[in-house]
Amino acid sequence: NPYAGLVSHLRASWLSGKTRPMEYRVAQLEALGRFLDDKKQEILEATELDMGKPSFEAFFSEILLCKNELNVTLNNLCHWMKDEHVDKNLVMQLDSAFIRKDPYGVVLIIAPWNYPIHLFLVPLIGAIAAGNCAIIKPSEISKNTERLIAQTLSCYLDTDCFAVVTGGVPETTRLLENKFDYIFFTGSPPVGRIVMMAAAKHLTPVTLELGGKNPCYVSDTCDVTNVARRVAWGRFFNAGQTCIAPDYLLCTIEMQEKLMPALREAITEFFGPNPRESPDFGRIVSDKQFQRVQRLLGSGRVAIGGQTDEAERYIAPTVLADVLPSDPAMQEEIFGPILPIVVIANMDEAIDFINARPRPLALYAFSCDSKIVNQVLERTSSGGFCGNDTLMHVTLTSLPFGGIGNSGLGKYHGKFTFDSFSHHRACLHRNMGLETLNTPRYPPYTQQKLGLLTTTFEVKRRGTCTLL
Amino acid sequence: NPFAELVSHLRASWLSGKTRPMEYRMAQLEALGCFLDDKKQQILEATASDLGKAPFEAELSEILLCKNELHETLNNLSRWMKDEQVDRTLAMQLDSAFIRKEPYGVVLIIAPWNYPIQLFLVPLVGAIAAGNCVIVKPSEVSKKTERLVAEALPGYLDKDCFAVVTGGVQETTRLLENKFDYIFFTGSSPVGQIVMTAAAKHLTPVTLELGGKNPCYVSDTCDVTNVARRVAWGRFFNAGQTCIAPDYLLCTIEMQEKLLPALHKAIDDFYGPNPRESPDFGRIVGDKQFQRVQRLLGSGRVAIGGQTDEAERYIAPTVLVDVQASDPIMQEEIFGPILPIVVIANMDEAIDFINSRERPLAVYAFSSDDKVVNEVLERTSSGGFCGNDTLMHVTLPSLPFGGIGNSGLGMHHGKFSFDTFSHRRGCLKRGMGREPLNAPRYPPYSQQKFGVVQATSKVTRKNDCTLL
């Protein structure tokens, strides 16, 4: 077990209590902030090399959003760490009853390649804030970013408590043989299953941020221009390699006719007549992924784009029309710059289509009629939901980010990250004296004692509360 | 797959939306209350037959505590169900951002035999409150209660949405082959691993309420009489078959000398000179369990009790001294009416002893000195904690009940049950218009656009907040 020494070193550090004081956690978090500031240029360059990520996008997703999470945490940590005092019953009025936030211990964070800084760093913020030690396993697919993290992160964080482990599937498998106190995994559902089964051997709690096909329903009553821009933005950001990207569009044949020119116009506005020459459009991360995505182009009919260049791993911003549910593009998460349109007759059909499939990470609905947006929200189930836009719901640190069913379990962002990595320990501190308060509970049991206990313990039913 | 049809029937009911309206959930919960009222006598009789549970104890744990959870939920459900509005950034001031609580779908609750009503009913309250359909799998070991639940409960709940499945290991294994949307398991750690592994195949989130050896540290400064009574009560309630019972005592040799006569007196006060004749002392649930617990009597030296009767599955309230860490009784959770005392030199040794073992469901510390209680709390890790008493922390619905590490993952009771069985869906609803607000995020990217994006979405660092 090549990692046993590392894990036990981190566990010893945790048991020493080193990570418990707030000052320590704040210092580590501020060091993470300096990492983002000092290494900004290197991060932009590495992510550009790895997947042609435009600097603007990298700055936004890998730096700005991470600094937001850092600042939310630093601004609120002392408040989050405090014991939460809770309501007490009659018998415990003189006692102290509170919830203490304890760290789990040594946590493992496994990150994917598409937002390679963000998707390890944001969980790491919560893990540190909650007082844990952490091993970070960045993705080997985003090679340049992996190297950057492995070489520089340890200069910023306490190496007794935080470590980076690199490698591929064999290394991750060996790593997962160890007992961790929490595992945070972002990646695909099949690998999520493997991680959860490994976690089960040690009864390790997990958060799994997975994926799926995020449906995007566009009703007949909408502003076509705005819809086209918002959907195109969400689909083609990072060349489509976003777990919450709108994966496929559902609309009527009439709406498809209206959307097509609007989408064409949006794409031209964003990336110019030849997106391959735009500095603002990314590339597919690897040959294997490129070939996988390229195969999906055979679905339906290419209405916009469709050009590819294997040497550059370029796939043009593409819209496919006349796509059938049985087509290849509808069998897997696309994770590329292709937007299939599946025609349905009406909203009910769209909702049935969505509900017949695994529950996605995100669900999008566009309509000028808020009743329609609300109906789609009410009658479907997904990790998160955004009406009349794409992606934006995950930029709010006050909203929990997580999946349901195949798209994952658990949640994070903002305080939810801190809570994910904290054990909420119920604490009751009673008086050594006041023994007479306890006598009704002791044998020998009598009806009178039971009556007394009932009076002091019971939670009474109040009058009917107002309906929603 | 013998249960496939049942699961798919329940899933169809859930998809129909039947369980969503608050009125429906309240009606089912009120029906559960009627079940407890109407069947109270049968519940007392069944649990008396299954494990010699004293009616007083059954009324307290199987009726009163359950009704408290029901009332707490009925009193607060409309509030818990409401969408939670959240803080928004500058860019989203005109949008609606909220967390919606949604059911998972079809949940499975597997309950053990020691508190056979409470340990399925309290989770069930949360599952119903959150809008789920449920399969309840009571323990086959508490046979009479299993039959009562299987025969009576369906008469109170909507059969389209709630079902009881009976059986042993084979049936449970077949049941676990099905895809559930949440699994709530209370039982032993080894079976918890099996359940989590089965859940992992379907990426099903779980709560596992497991067990362990709950240490009870008694410092040299305490009121020996009170300590003895509180510890004896916690240890011998339900003949020791309580997941949060104090499993073993840690104290100095001097304290042991003082505690023994006090424990003797407490046991005598509670059960009389011959506890076998007391109507207030329970029996071991089955022959297999009886033999297992009886074997543990060989550890150390019997200081109090030690008598057994196989025909009655009676084991006397027993205290063992001179127990070594290597003795059989220190290798497994006792789950019987035996209290071993392990002598340590001082508090630091006690804390080291606790920390070198699996993290328990509960840690108990007795001291007249608050600083000692606080140190034990600070320097150990456990599901829950109680200072100067045993068991009582789980009677407050406002405190979360759950384990950590080997003692479990997840939590419930009160609002925590509702939260456990709810998916918190992050929702953002934006306007169809106001497109200029979005313009800065679109390509072609520019420094100026980035400045605007940053200004409208960044979270600034506030001044250092007050230290804890």
Side-chain angles (χ1 to χ4, degrees), chain A residues 22 54 56 64 68 71-72 74-75 78 81 86-87 97 102 192-193 196-197 200 203 205 222-223 226 233 270-271 280 368 373 381 384-389 392-393 396 398-401 404 406 409 423-430 432 435 442-445 450 454 458-459 461-462 465 468, chain B residues 22 54 56 59 64 68 71-72 74-75 78 81 86-87 97 102 192-193 196-197 200 203 205 222-223 226 233 270-271 280 368 373 381 384-389 392-393 396 398-400 404 406 409 423-430 432 435 442-445 450 454 458-459 461-462 465 468:
Chain A
M22 191 180 93
F56 182 105
L64 176 61
N68 279 359
N71 288 345
V72 166
L74 285 165
N75 289 344
C78 71
M81 278 176 73
V86 301
D87 290 337
D102 275 351
R193 255 180 218 103
M196 189 168 171
M197 293 221 269
L203 290 168
C222 66
D223 180 323
N226 292 355
W233 175 70
F270 292 171
F271 308 116
D280 300 334
C368 292
V373 171
S381 177
F385 178 91
C386 189
N388 294 330
D389 210 339
M392 292 298 283
H393 59 295
L396 253 190
S398 52
L399 282 178
F401 176 56
I404 187 173
N406 254 50
L409 60 98
H423 170 61
H424 284 61
R425 191 177 187 192
C427 301
L428 181 65
H429 190 163
R430 312 204 74 199
M432 178 60 78
E435 181 65 356
Y442 297 135
Y445 298 135
L450 186 62
T454 307
E458 77 174 334
V459 172
R461 178 89 170 84
R462 288 203 302 266
C465 55
L468 273 171
Chain B
M22 190 180 92
F56 182 103
E59 271 229 49
L64 177 61
N68 279 359
H71 292 166
E72 177 80 8
L74 286 164
N75 289 344
S78 72
M81 278 175 73
V86 302
D87 291 337
E102 298 191 342
Q193 268 172 12
M196 188 169 172
T197 305
L203 290 168
C222 67
D223 180 322
N226 293 356
W233 175 72
F270 292 172
Y271 308 113
D280 300 333
S368 301
V373 172
S381 176
F385 177 92
C386 189
N388 295 331
D389 211 337
M392 292 295 280
H393 58 297
L396 257 190
S398 53
L399 282 177
I404 187 175
N406 255 49
L409 59 97
H423 169 61
R424 310 186 98 211
R425 192 177 188 190
C427 302
L428 180 66
K429 285 197 286 192
R430 313 205 75 197
M432 179 58 80
E435 184 65 356
Y442 297 136
Y445 298 134
F450 192 81
Q454 190 162 37
K458 86 184 286 196
V459 173
R461 177 96 167 82
K462 292 205 296 270
C465 57
L468 278 172

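Each chain gets a letter, A, B and so on, in the order its sequence line appears, and its residues count up from 1.
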>> What part of L203(A) gets within 4.5 angstrom of chain B, counting heavy atoms only: side chain, backbone, both, or neither?
In response: both
>> Let me confirm one number: the CG-CZ distance from N68(A) to R461(B), rounded to the nearest 0.5 Å.
In response: 13.0 Å
>> Measuring from atom CZ of F401(A) to atom CG of L396(A), what distance do you get when rounded to the nearest 0.5 angstrom?
In response: 13.0 Å
>> The criterion is ring-ring contact (aromatic ring centres under 6.0 Å, His included); which residues satisfy it with F270(B), sequence neighbours excluded?
In response: Y442(A)
>> Taking side chain as everything from C-beta outward and backbone as N, CA, C, O, which of these in N406(A) sits under 4.5 Å from a heavy atom of chain B? Side chain, backbone, both or neither.
In response: both
>> If I measure from the heavy atoms of chain B, does H424(A) come under 4.5 Å with its side chain, its backbone, both, or neither?
In response: both
>> Which atoms of V373(A) are under 4.5 Å from chain B, going by heavy atoms: the side chain, the backbone, both sets, or neither?
In response: side chain
>> With chain A as the partner, which of L409(B), L64(B), L396(B) has the greatest number of non-hydrogen pairs under 4.5 Å?
In response: L396(B)
>> Quick check: closest heavy atoms across R462(A) and N75(B), and the distance to 0.1 Å?
In response: N-OD1, 2.7 Å
> Looking at R425(B), H71(B), E435(B), which makes the most heavy-atom pairs under 4.5 Å with chain A?
Replying inline: R425(B)
> Picking from H429(A), R425(A), M197(A), which has the most non-hydrogen pairs under 4.5 angstrom with chain B?
Replying inline: R425(A)
> Most heavy-atom pairs under 4.5 angstrom with chain B, which of A426(A), C222(A), G384(A), C427(A)?
Replying inline: A426(A)
> Does any heavy atom of chain B fall under 4.5 Å from the side chain of P54(A), the backbone, both, or neither of them?
Replying inline: side chain
> With chain B, which of F385(A), F56(A), F271(A) has the greatest number of heavy-atom pairs at distances under 4.5 Å?
Replying inline: F56(A)
>> Counting heavy-atom pairs closer than 4.5 Å to chain A, which one of R430(B), E59(B), E72(B), K429(B) comes out on top?
In response: R430(B)
> From L428(A) CG over to C386(B) SG, what is the distance, rounded to the nearest 0.5 angstrom?
Replying inline: 4.5 Å
>> Once side chain to side chain donor-acceptor pair (under 3.5 Å) is applied, do any residues pair with N226(A), and if so which ones, sequence neighbours excluded?
In response: D223(A)
> Highest number of heavy-atom pairs under 4.5 Å with chain B: which of M392(A), H423(A), H393(A)?
Replying inline: H423(A)
>> What's the separation between atom CG in N71(A) and atom NZ in K458(B), rounded to the nearest 0.5 Å?
In response: 7.5 Å
> Parallel under 30°, tilted from 30 to 60°, perpendicular over 60°: which one fits the rings of W233(A) and Y442(B)?
Replying inline: perpendicular
>> Heavy-atom pairs under 4.5 Å with chain A - which of D280(B), V86(B), D389(B) has more of them than the others?
In response: D280(B)
>> Can you tell me which portion of E102(B) sits under 4.5 Å from chain A's heavy atoms? Options are side chain, backbone, both or neither.
In response: side chain
> Going by heavy atoms in the side chains, are L428(B) and N388(A) under 4.5 Å from each other?
Replying inline: no
